[in-house]
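Note that these values count all heavy atoms, side chains included, but never hydrogens, waters or copies made by symmetry. If you're wondering where the values come from, they're calculated on a predicted model, not measured in any experiment. Convention: sequence-line order gives letters A, B, ...; per-chain numbering from 1.
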2 protein chains.
Amino acid sequence: MGAGGKKRGDILEDVGVYMREGPGKRFIEPRLLFLLRSAPAHGYELIRRMEEVPLPGPLPDTGAVYRALRRMEEEGLVSSRWADAAAGPRRKVYRITPRGRRRLQVWAEAIRGRVMLLQRFLELCSSGEERG
Amino acid sequence: MGAGGKKRGDILEDVGVYMREGPGKRFIEPRLLFLLRSAPAHGYELIRRMEEVPLPGPLPDTGAVYRALRRMEEEGLVSSRWADAAAGPRRKVYRITPRGRRRLQVWAEAIRGRVMLLQRFLELCSSGEERG
DNA sequence: TAATATATATGTCATTGACATATATATTAA
DNA sequence: TTAATATATATGTCAATGACATATATATTA
């Protein structure tokens with residue numbers, strides 16, 4: 001449509017992208033942003049608290065979580081610092097950034113769109129039943 | 001938990017499986033079952049009508065559609081027969097089976113569960129906003 | 001005979017994430 | 001001292017999925 005198309009930054013905040021989830025994407029990113037939105041946390045804790053997040057899909061594997069956190073840090077959605085633990089090995093504590101908060105809002109918007117679509121689907125499904 | 005666990009047939013109709021969608025799965029199967037539920041159709045027609053289905057995700061690629069139809073026939077969700085066209089090459093016309101209708105109902109149930117989860121997520125997101 | 005629309009199908013490849021394993025620290029039990 | 005366990009982060013490897021490109025074939029139109 002418009003001359004030149006979208007710039008990179010626009011695409012990154014494009015609701016459509018998050019509605020689609022990209023190829024094969026689970027909800028790992030919104031899960032992590034959701035948990036970090038209220039308080040910083042390290043990976044292990046995020047993994048333990050993962051089931052608190054009401055999103056569909058299986059709980060992501062630990063490897064996927066750590067890799068997602070590093071990718072999200074590269075993208076500027078979270079920042080991290082090493083911290084000593086009262087006991088056990090050091091922890092890498094992640095904190096959500098303003099960009100991460102914006103991304104979570106984009107996810108929420110996309111999910112609102114999903115819900116509307118899915119509800120239309122369900123309506124059409126049940127209206128078309130009328131006996132087997 | 002229960003002795004023996006689930007039998008194969010049970011797993012195939014387990015709502016949880018469809019709520020998760022499996023790794024990387026789009027909504028190709030429910031899209032096709034939804035379109036076929038009202039009338040038989042051949043692959044090319046299903047591809048053209050794909051955007052009628054209110055489900056999230058990009059419209060599936062033609063290759064994915066034909067492969068999905070064949071896989072679904074193996075699974076007994078659809079049956080097919082070759083038919084002459086008024087013009088152009090022969091068509092493989094797919095028809096939904098009783099098993100396919102049941103599968104679509106399982107999908108609908110799973111999607112109802114998804115919607116409930118997603119709505120809880122949205123509520124928690126907006127209740128936790130309280131200013132940027 | 002060339003191009004286009006219709007129609008089905010396969011080849012190939014990158015992405016994703018599941019599963020397994022590696023590495024390291026601290027605590028507790030033997 | 002050693003072994004086992006909980007905590008904590010990270011990498012290796014592989015199968016599944018589907019995106020993109022292409023192949024094959026028929027019929028119509030230019």
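The base-pairing partner of dT29(D), taking Watson-Crick or G-U wobble contacts with both distances under 3.5 Å, is dA2(C). A 3.5 Å limit on both hydrogen-bonding distances identifies dA15(D) as the Watson-Crick or G-U partner of dT16(C). dT24(D) is paired with dA7(C) under the Watson-Crick or G-U wobble criterion, all donor-acceptor distances under 3.5 Å.
Nearest nucleotide to the side chain of Ile28(B), out of dA10(D), dG18(D), dA24(C): dG18(D). Picking from dA7(C), dG17(C), dA9(C) the nucleotide with the shortest atom distance to the side chain of His42(B) gives dA7(C).
A straight line from CG of Asp61(A) to P of dA15(D) spans 17 Å, rounded to a whole angstrom. Rounded to an integer number of Å, the gap from Asp84(B) CG to dA7(C) P is 12 Å. We find that CD of Glu29(A) is positioned 11 Å from P of dT16(C), with the value rounded to whole Å. Between the CZ atom of Arg71(B) and the P atom of dG18(D) there is a distance of 9 Å, rounded to whole Å. Per the geometry, CZ belonging to Arg48(B) stands 11 Å off C1' belonging to dA5(C), to the nearest Å. As rounded to whole Å, 10 Å separates atom P of dA19(D) from atom CG of Leu59(B). If you measure from atom CG of Leu32(B) to atom C1' of dG18(D), you get 14 Å, rounded to the nearest angstrom. The separation between Arg91(A) atom CZ and dT7(D) atom P is 10 Å, rounded to whole Å.
Between the side chain of Ser80(B) and the backbone N or O of Val93(B), no donor-acceptor pair lies under 3.5 Å.
Remark on DNA chain C: of its neighbouring residues Tyr94(B) and Gly88(B), the 5'-side contact belongs to Gly88(B), judged by nearest-heavy-atom nucleotide. The 5' end of DNA chain D is approached more closely, in terms of each residue's nearest nucleotide, by Ala85(A) than by the other of Ala85(A) and Gly63(A). Comparing Ala87(A) and Pro60(A) by the nucleotide of DNA chain C that holds the closest heavy atom to each, the one mapping nearer the 5' end is Pro60(A).
Of the charged side-chain nitrogens involved, none lies within less than 4.0 Å of a carboxylate oxygen, so that Arg70(A) and Glu74(A) do not count as a salt-bridged pair. Electrostatic pairing of Glu45(A) and Arg91(A) does not count as a salt bridge here, judged by no charged N lying under 4.0 Å from a carboxylate O.
OP1 or OP2 of dT8(C) has not a single side-chain nitrogen or oxygen of Tyr44(B) nearer than 4.0 Å. For dA10(D), the OP1/OP2 oxygens have no side-chain nitrogen or oxygen of Tyr66(A) closer than 4.0 Å.
When all heavy atoms of Leu32(A) and Leu69(A) are compared, the closest pair comes out as CD1-CD2, 3.9 Å.
Interface remark: the Arg67(A) side chain does form a donor-acceptor pair with the dG12(D) base, using a distance-only criterion of under 3.5 Å.
Cation-pi geometry between Arg37(A) and Phe34(A) is satisfied (NZ or CZ under 6.0 Å from the ring centre, within 45° of the ring normal).
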